Amino acid sequence: MSDPVTIFEVGPRDGLQNEQRQIPTADKIRLTDMLSETGLRKIEVTSFVSPKWVPQMGDAAEVMAGIARRPGISYAVLTPNMKGLDGALAAKADEVAVFVSASEGFSKANINATMAESLERIRPVAARAAEENVPVRGYVSCVTDCPFDGPTPPHNVALMAEALLEMGCYEVSLGDTIGQATPRAVNYMLDAVLAVAGAEKFAGHFHDTAGRALENIDASLAHGLRTFDAAVGGLGGCPYAPGAAGNVATEAVVAHLHSKGHDTGVDPAKLAEAGAFARSLRSVPA
Ligand code: HMG
Ligand code: MG
């Protein structure tokens, strides 16, 4: 196989953050440790966000302290503000992620800030992380559709992505937060975004709510993107995005990419084991 594609595993964070039942810390650690055995090189483990907003992620420090780190894997965490970055640095995260929205409605609901305010809030986070030599990844949510504002103008996505890259993000992940994107909408959005920077600066982050995530990945591959976020077991959703159930399953993405001749470095059998455990953690096992 050739033409490598990087899978950014977000299951322990995006997958679990929406679960109603408080998942035991030991199970979160076990899930990440199982993922570390699969060949994945990027794993988003947890988020240092306000536990008042997302109680499920309230054990971020304990999870980071408990995982068995394998050399060559970057263990990432989400950081919404300076307090989150302090937690991430204390936990020795290998990289951090800042997140903004391309729509005002979701920005307010998710992080209690306007789009402009959110950029000002994370600017010092990115600067401090750079001082500490910790790579920063950026997320833009609602890149085609917002649960509150409807369709997102591609221009908004380009502006937010440009701002994140200017702050020093090494990559910007483009989030179809509610899984309503179509390949056509992805094409329009990427035409705008790729006028800002090359495809190597972007990742696709597709939720599979409407069953189109793999088609949207194909549209993104055709534009040159070679990094995709996915959640093992297809867990996921965002507590502040009504209807955002289900990140695209890592197993499905890996199988799809391998069938197209791409190399992910991921062992499907080991991934299936982690997927079975991930699904067993759901409030209503599927
Ligand atoms: P706020 O209420 O406006 O902020 O929330 P605040 O500064 O007034 O803080 C409220 C309380 O939280 C205070 O505690 C703070 O100390 C505490 P109190 O004084 O009342 O006792 N606090 C924190 N505690 C721990 N760690 C922190 C932290 N920050 C404040 N980092 C805030 C603003 C941004 C903090 C809040 O809205 C928040 O945490 N939001 C996160 C929501 C979230 O995690 N959403 C899911 C992730 S995004 C996503 O899933 C999309 C993505 O997957 C891509 C896609 O699909 O599109 C990435
Ligand atoms: Mg997401």
Side-chain angles (χ1 to χ4, degrees), residues 8-19 44-62 64 76-91 93 96-103 105-115 117-122 124-125 128 136-148 152 156-157 160-161 164 169 171-181 189 202-209 213 216 228-231 234-250:
F8 206 118
E9 172 62 47
V10 297
R13 194 280 303 171
D14 207 359
L16 296 186
Q17 70 185 6
N18 208 28
E19 284 299 319
E44 198 169 75
V45 180
T46 184
S47 46
F48 285 85
V49 297
S50 168
K52 293 190 171 150
W53 285 66
V54 186
Q56 186 66 258
M57 296 284 112
D59 57 359
E62 291 78 9
M64 286 299 284
V77 302
L78 226 54
T79 51
N81 53 18
M82 287 304 276
K83 185 164 184 166
L85 181 66
D86 287 343
L89 293 175
V96 298
V98 293
F99 49 108
V100 298
S101 172
S103 67
F106 183 70
S107 189
K108 206 71 193 152
N110 193 42
I111 49 174
N112 199 21
T114 65
M115 289 160 59
E117 286 165 352
S118 72
L119 291 175
E120 292 321 306
R121 187 187 281 169
I122 61 173
V125 176
R128 170 92 197 286
V136 183
R137 191 174 199 237
Y139 279 102
V140 181
S141 287
C142 299
V143 295
T144 60
D145 298 88
C146 171
F148 308 103
T152 301
N156 284 11
V157 189
M160 296 308 273
L164 291 175
C169 291
E171 177 177 280
V172 173
S173 174
L174 302 164
D176 174 20
T177 316
I178 56 169
Q180 294 304 314
M189 182 273 293
F202 296 103
H205 177 110
F206 295 104
H207 288 245
D208 202 26
T209 319
N216 293 329
F228 295 98
D229 303 352
L235 301 180
C238 173
Y240 298 102
N247 284 76
V248 65
T250 313

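Just so it is clear, the model here is predicted, and its values are computed rather than measured. Note that ligands are numbered from 1 as they come in the structure, with each ligand's atoms numbered from 1 the same way.
- When only interatomic distances are considered, the shortest N/O to N/O separation between Asn110 and ligand 1 falls below 3.5 Å.
- In the vicinity of Val54, heavy-atom distances shorter than 4.0 Å reach the ligand 1 atoms 42 (C), 43 (C), 44 (O).
- Between the choices Trp53, Phe48, Phe206, the shortest heavy-atom distance to atom 37 (O) of ligand 1 belongs to Trp53.
- Under a 4.0 Å criterion applied to the non-hydrogen atoms of Asp14, ligand 1 contributes the atoms 50 (O), 53 (O).
- Both the backbone and the side chain of Thr177 come within 4.0 Å of ligand 1, judged by heavy-atom distances.
- Minimum-distance N/O/S atom of His205 relative to the Mg ion (ligand 2): NE2.
- Considering backbone and side-chain N/O of Val49, one or more are found under 3.5 Å from N/O of ligand 1.
- Among the atoms of Phe106, none of the N or O lies under 3.5 angstrom from an N or O of ligand 1.
- Near Ile111, with a cut-off below 4.0 Å to any heavy atom, the atoms of ligand 1 are 33 (C), 34 (C), 37 (O).
- In terms of polar-atom proximity, Ser47 is not counted as a contact of ligand 1, lacking any N or O under 3.5 Å from an N or O of the ligand.
- Among heteroatoms of the N, O or S kind in Asp14, OD2 lies nearest the Mg ion (ligand 2).
- At a 3.5 angstrom cut-off on N or O pairs, Lys83 counts as close to ligand 1.
- The side chain to side chain contact (heavy atoms under 4.5 Å, CB included) with Leu235 is formed by just one residue from the set Asn18, Leu16, Asn247, Thr250; it is Leu16.
- Among the atoms of Asn112, some N or O lies under 3.5 angstrom from an N or O of ligand 1.
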Steps toward side-chain contact (heavy atoms from CB on, under 4.5 Å) verdict (Val140, His205): CA-CA 9 Å; Val140 181; His205 177 110; over 6 Å; no
Steps toward side-chain contact (heavy atoms from CB on, under 4.5 Å) verdict (Met160, Val172): CA-CA 10 Å; Met160 296 308 273; Val172 173; over 6 Å; no
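- Here the shortest heavy-atom pairing between Val77 and Ala88 reads CG2-CB, 3.5 Å.
- In this structure, OG1 in Thr177 is found 6.0 Å from NE2 in His207, a value given to the nearest 0.5 Å.
- Polar contact with ligand 1: present for Gly84 (N/O pair, distance under 3.5 Å).
- Nearest residue to atom 51 (C) of ligand 1 from Ser141, Ala113, Gly87 is Ser141 (criterion: closest heavy atom).
- Applying the 4.0 Å criterion to heavy atoms of Asn81 picks out, from ligand 1, the atoms 27 (C), 28 (C), 29 (N), 30 (C), 31 (N), 35 (C).
- Listed by number with element, the atoms of ligand 1 under 4.0 Å from a non-hydrogen atom of Pro51 are 24 (N), 25 (C).
- Distances from atom 34 (C) of ligand 1 to the heavy atoms of Arg121, His207, Gln17 show the closest one on Arg121.
- Contact annotation: for Phe99 versus ligand 1, heavy atoms closer than 4.0 Å belong to the side chain alone.
- Checking Lys52, Glu117, Glu44 against atom 18 (P) of ligand 1, the nearest heavy atom belongs to Lys52.
- Stacking of Arg13 on the aromatic ring of Tyr139 is recorded, both the 6.0 Å distance cut-off and the 45° axial limit being met.
- Near Leu78, with a cut-off below 4.0 Å to any heavy atom, the atoms of ligand 1 are 47 (C).
- Distances from atom 58 (C) of ligand 1 to the heavy atoms of Arg13, Met57, His205 put Arg13 nearest.
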